[in-house]
Asks: 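First the structure, then my questions, so here it is.
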Amino acid sequence: MTSLSPDLERARRDYAALVEQGLALDITRGKPSPRQLDLSLEMLKLPGEVYTAEDGTDCRNYGGLQGLPEVRRLFSGFLQVPLAQLVAAGNSSLELMHDTVVQSMLSKLPGAERRWADEPRIAFLCPVPGYDRHFALSERFGIELIPVPMTATGPDMDVVERLAAEDPAIKGIWCVPKYSNPDGVSYSDETVRRLAAMPTAAPDFRIFWDNAYVVHDLTDESVEIADILKLAEDSGNADRVFVFGSTSKITTAGSGVGFVGSSPANVKWLLGLLGKRTIGPDKVNQLRHAMFLRDEDGVRAHMRKHRELIAPKFEAVDKILTKELGDSGLATWTKPAGGYFISLTVPEGCAKEVVRLAKGAGIALTPAGATHPGGNDPEDRTIRIAPTYPELAEVEAAIAGLAVCVRLAVAEKA
Ligand code: PLP
């Protein structure tokens, strides 16, 4: 009979003790915690009996398709979209991304030869690891997803440039340029410049610039991202970019304000189509946001309060992983300067098993593979950690348990 390795023996013992604890913890989704939502409680009392916007609009009534100027002004600088080219819409940027894809399917984009629905094949480049809802949205409309490796400075631009230049079916790319989901990568100026300027075989190629974490810093230094709309315009590709953002993780995730911005031609095209599905957005909610956040400094001050609540959770993840796995060579993980996620990389073929073991111990993790199109991480190595929602003590317990699962999964495999 072969005897067990000391590592495996210890890992099995630790895992049995972990299961004994009967934990019920969830670090699956990047949601703000109730305490974070409480930061905007005062906003819910607004606008009170005030219902007139700065331009005299009665916010209670129909109209104002592009959204209130005061709420657009709040985010025009952060999102790097000129005020006249920024739309404030409903409560979600994901729905704006969805609508932009659907409208591109059904109506010819500026510069397009055909509607996307009339193309024999549509593909998008997707940097991986990436955001599962971008993938699900694309798959829903039969858009083929072509993975592109992420680097420390954004997607591998040699790959992006080659593919975009040679294949006219490639109509777009998903980008989370700042504190990406899940790696926390911020795109370098060089990456942004190359995306804006690269030749594309499709005349109607679009960059879906999902700037979901634009003001979500975890350190004193906010990373500055190059201005993609301006760079695209300067390169003769003015219509290449759709910028998205929202206040979901600034105020209230279920009832924030979503934004889309682009070139004048794209905005005219989009508003013409959005006007067929709504007479105007929820301006009372937009007014409440403008009154509560006031100006850019107001947004920054509010985000510092979020940081006070969530930075300790990110620090705890790093501290516990360093203590439990730091010298083991069994895992690496990201230390993001902002955003909502930490990416944990385990040895090849182990991620699914780690997630399965964690589930068995009452720790819910995002399914392994969710960071890749089709839910398939070919190397089975990436696990997304979302530490914002649980209380600090719960995050600590979940990550300590996760480290046990990593040790056991790797030892069993060896
Ligand atoms: N984009 C990214 C990259 C996200 O991580 C998320 C939420 O986790 C969203 C968009 C969702 O945005 P919204 O709430 O504005 O629909």
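One-based numbering, in listed order, for ligands and for the atoms of each.
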Asks: Are any non-hydrogen side-chain atoms of Thr200 and Asn237 less than 4.5 angstrom apart?
Replies: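 Result no, sub-4.5 Å side-chain heavy-atom pair not found.
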Asks: Does either side chain, that of Thr334 or that of Asp183, offer a donor lying less than 3.5 Å from an acceptor on the other one?
Replies: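 There is no such pair (donor and acceptor under 3.5 Å, judged by atom type) between the side chains of Thr334 and Asp183.
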Asks: Would you tabulate the polar-atom pairs, meaning N/O of ligand 1 against N/O of the protein, with distances under 3.5 Å, reported to 0.1 Å?
Replies:
unit_1: ligand 1; atom_1: 1 (N); unit_2: Asp210; atom_2: OD1; d: 3.4
unit_1: ligand 1; atom_1: 1 (N); unit_2: Asp210; atom_2: OD2; d: 2.5
unit_1: ligand 1; atom_1: 5 (O); unit_2: Asn181; atom_2: ND2; d: 3.0
unit_1: ligand 1; atom_1: 5 (O); unit_2: Tyr213; atom_2: OH; d: 2.6
unit_1: ligand 1; atom_1: 8 (O); unit_2: Tyr213; atom_2: OH; d: 3.4
unit_1: ligand 1; atom_1: 8 (O); unit_2: Lys249; atom_2: NZ; d: 2.6
unit_1: ligand 1; atom_1: 12 (O); unit_2: Ser93; atom_2: OG; d: 3.2
unit_1: ligand 1; atom_1: 14 (O); unit_2: Ser248; atom_2: OG; d: 2.6
unit_1: ligand 1; atom_1: 15 (O); unit_2: Ser93; atom_2: N; d: 2.8
unit_1: ligand 1; atom_1: 15 (O); unit_2: Ser93; atom_2: OG; d: 2.7
unit_1: ligand 1; atom_1: 15 (O); unit_2: Ser246; atom_2: OG; d: 2.7
unit_1: ligand 1; atom_1: 15 (O); unit_2: Ser248; atom_2: OG; d: 3.3
unit_1: ligand 1; atom_1: 16 (O); unit_2: Ser92; atom_2: OG; d: 2.8
unit_1: ligand 1; atom_1: 16 (O); unit_2: Ser93; atom_2: N; d: 3.2
unit_1: ligand 1; atom_1: 16 (O); unit_2: Leu94; atom_2: N; d: 3.0

Asks: CG of Asp132 to CG of Asn181: how many Å apart, nearest 0.5 Å?
Replies: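 Taking CG in Asp132 and CG in Asn181, the distance rounds to 7.0 Å.
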Asks: What I want to check is whether the side chains of Asp210 and Trp174 have a donor and an acceptor closer together than 3.5 Å.
Replies: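 Not at all, the side chains of Asp210 and Trp174 share no donor-acceptor pair under 3.5 Å.
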Asks: If you measure from CZ on Arg115 to OG on Ser107, what distance do you get to the nearest 0.5 Å?
Replies: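 Here the interatomic distance stands at 7.5 Å.
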Asks: Would you say Phe124 and Phe141 make side-chain contact, with heavy atoms under 4.5 Å?
Replies: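 No, too far: nothing below the 4.5 Å cut-off.
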